[in-house]
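Note that these values count all heavy atoms, side chains included, but never hydrogens, waters or copies made by symmetry.
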Amino acid sequence: MELLRKANVIRLRSHHDKFLMADDDEEGVSQDRNGAMRNARWTVEIVEKSGVIRLRSCYDKYLTASNMPFLFGMTGKKVLQTLPRRLDSSVEWEPIREGVQVKLKTRYGQYLRANTGLPPWRNHITHDIPYRSSTQDWILWDIDIVEMRRRDPPPQPQESTANFPMPVHYEKPQPNNQAEVADNSEPGLLFAAPTFSRIESNDSFTGVPVKNEGRLINYCVADKNGDVDENTKLSFTFKGSVVEELTERLKEETGLDDIQVCSRNPLNGKLYPLRLHLPPNNAEMHVVVIPPPERG
């Protein structure tokens with residue numbers, strides 16, 4: 001049965017609403033209404049390619065169909081707990097589905113049977129073939145799954161290094177000639193396009209993607225004379241990539257309209273208006289906000 005293949009530990013409940021129990025003497029088998037005891041737990045061992053199972057008690061002994069008669073002159077034979085040196089057919093049971101219940105058949109054609117009535121039959125377990133219609137249900141068992149069988153996780157696929165993307169190469173920044181053209185503007189304020197590194201594009205490979213977690217923007221606001229107090233810098237985290245988005249964010253931060261966002265040239269200390277895109281890889285930036293009245 002597929003149900004038993006999925007189960008690791010079960011309890012077997014008889015037609016008399018009693019559980020199959022492994023006796024404390026580690027030899028006998030009986031039935032009792034208290035299914036909470038560990039004696040009612042049986043571990044299922046699957047015998048592959050044969051359709052039969054073994055049931056192991058809490059004492060690590062197997063449910064065994066013996067050749068010993070339960071009472072002399074009677075057909076029923078004893079069911080015991082044993083640990084044979086070699087696991088043979090006496091410890092193997094074939095589950096046969098009967099509606100929602102199951103019959104456990106020995107390799108000799110007999111069935112696990114829960115007896116009732118007056119002593120010595122009461123609560124005893126035998127294996128037998130019921131001939132009377134009144135005892136047909138005594139070989140039917142309900143299965144209570146106590147623990148499901150654990151399945152080994154599927155093997156993880158090995159990562160291949162053959163298709164790793166090639167790294168992105170960056171060119172060294174080149175001087176921008178627009179700086180010389182803008183040198184005729186108002187003294188002290190030199191506006192020109194900034195000089196940033198550009199990413200070399202190539203259709204033959206894909207650059208390594210960079211997770212956009214934002215960059216740190218440090219900024220300060222120039223006064224009416226165009227002077228900048230570097231000690232009054234403020235900062236925020238910015239996730240955009242174009243100057244227009246940064247300008248709108250700085251308008252919100254400063255409360256000013258129609259501002260000019262500039263960057264300072266590290267070589268001559270002059271200011272250049274930001275154009276186009278921001279530097280790659282979310283590099284930290286230092287910018288200067290020029291209010292409307294002071295722009296040249």
Does the side-chain contact (heavy atoms from CB on, under 4.5 Å) test come out yes or no for L71 and W121, once each step is laid out? CA-CA 9 Å; L71 290 175; W121 292 101; 3.8 Å; yes

Return yes if some donor-acceptor pair links the side-chain N/O of H127 with the main-chain N/O of T106 below 3.5 Å, else return no. no

Heavy-atom side-chain contact between H124 and F70 under 4.5 Å: yes

Please check if V102 and M21 belong to a single hydrophobic cluster, counting links between Ile, Leu, Val, Met, Phe, Trp and Tyr side chain heavy atoms closer than 4.5 Å. no

Please assess H15 against W141 for the test ring pair (Phe, Tyr, Trp, His ring centres under 6.0 Å), listing each intermediate value before the final yes or no. CA-CA 6 Å; H15 175 70; W141 299 85; over 10 Å; no

Distance-only side-chain donor-acceptor flag, N123 / S30, under 3.5 Å: no

Okay, side chain of R11, backbone of G35: is any donor-acceptor separation there less than 3.5 Å? yes

Output all residues satisfying salt bridge (Lys or Arg N to Asp or Glu O under 4.0 Å) with D17, sequence neighbours left out; order by chain, then residue number. R13

Taking only residues two or more places apart in sequence, or in another chain, which ones meet N115 in a side chain to side chain donor-acceptor pair (under 3.5 Å)? R113, T126

Identify the heavy atoms of S90 and Y108 that sit nearest to each other, and give their distance. N-OH, 4.1 Å

Is it true that a side-chain atom of K61 and a backbone atom of E26 form a donor plus acceptor pair closer than 3.5 Å? yes

How would you list, by chain and number, every residue that makes a salt bridge (Lys or Arg N to Asp or Glu O under 4.0 Å) with R122, sequence neighbours excluded? none

Does a side-chain heavy-atom distance below 4.5 Å link N39 with S57? no

Report, as yes or no, whether the 6.0 Å neighbourhood of atom CZ on R41 holds more than 12 heavy atoms from other residues, nucleotides or ligands. no

R149 and K6, any side-chain heavy atoms less than 4.5 Å apart: no

Spacing of L250 atom CG and L234 atom CG [to the nearest 0.5 Å]: 10.5 Å

Can you tell me if D25 uses its side chain to pair, donor with acceptor, with the backbone of G28 under 3.5 Å? yes

Please answer: with hydrophobic residues joined when any side-chain heavy atoms are less than 4.5 Å apart, are I46 and V146 in the same cluster? no

If I compare all heavy atoms of D128 with all of G76, which pair ends up nearest, and what's the gap? OD2-N, 3.6 Å

With a 3.5 Å distance limit and no angle check, can you tell me whether Q136 reaches the backbone of P130 through a side-chain donor-acceptor pair? yes

side-chain contact (heavy atoms from CB on, under 4.5 Å) between W138 and T116, intermediate numbers included: CA-CA 9 Å; W138 293 10; T116 187; 3.3 Å; yes

Residues G240 and E245: closest non-hydrogen pair is CA-OE1, 3.1 Å

Who else is in the cluster with Y62 when I, L, V, M, F, W and Y are joined by side-chain contacts under 4.5 Å? L83, L87, V91

Is the side chain of T64 donor-acceptor paired with the backbone N or O of S66 at a distance under 3.5 Å, no angle test? no

Hphob cluster co-occupancy, I143 + V9, side-chain heavy atoms under 4.5 angstrom: no

Does the side chain of V261 reach to within under 4.5 Å of the side chain of P273, using non-hydrogen atoms? no

N8 and E147: side-chain donor and acceptor closer than 3.5 Å? yes

List the residues meeting ring-ring contact (aromatic ring centres under 6.0 Å, His included) with Y111, not counting sequence neighbours, and say none if there are none. none

Do E248 and K251 make a side-chain contact, defined as non-hydrogen atoms from C-beta onward lying under 4.5 Å apart? yes

Would L4 and L55 show up in the same hydrophobic cluster when neighbours are defined by side-chain heavy atoms closer than 4.5 Å? yes

Answer yes or no: is there a donor N or O on one side and an acceptor on the other, between the side chain of W93 and the main chain of L112, under 3.5 Å? no

Would you call T135 and D137 a side-chain contact if the rule is heavy atoms closer than 4.5 Å? no

Under 3.5 Å, is there a donor on one side chain and an acceptor on the other for Q81 and D23? no

Between E284 and R215, is there a salt bridge with N-O shorter than 4.0 Å? no

As an exercise, state the distance from OG of S14 to CD of Q101, rounded to the nearest 0.5 Å. 10.0 Å

Can you check whether R54 reaches T43 side chain to side chain, under 4.5 Å on heavy atoms? no

Here the gap from M68 atom CE to K77 atom NZ, rounded to the nearest 0.5 Å, amounts to 11.0 Å

Ignoring hydrogens and angles, tell me if any N or O in the side chain of D32 forms a donor-acceptor pair with the backbone of N34 under 3.5 Å. yes

Are L216 and M285 connected, step by step, through hydrophobic side chains (Ile, Leu, Val, Met, Phe, Trp, Tyr) whose heavy atoms are closer than 4.5 Å? no

Which is it for E253 and R249 under the salt bridge (Lys or Arg N to Asp or Glu O under 4.0 Å) test, yes or no, and what are the steps along the way? CA-CA 6 Å; E253 295 288 334; R249 177 65 184 276; 3.0 Å; yes

Sequence-distant partners of E27, salt bridge (Lys or Arg N to Asp or Glu O under 4.0 Å), two or more places apart: none

How long is the gap from CG on L274 to SG on C262, to the nearest 0.5 Å? 7.0 Å

State, to 0.1 Å, how close V29 and L63 come at their nearest heavy-atom pair, and which atoms those are. CG2-CD1, 3.9 Å

CZ-CD distance between R56 and E45, expressed to the nearest 0.5 angstrom: 4.5 Å

pair W42-V44: side-chain heavy atoms closer than 4.5 Å: no

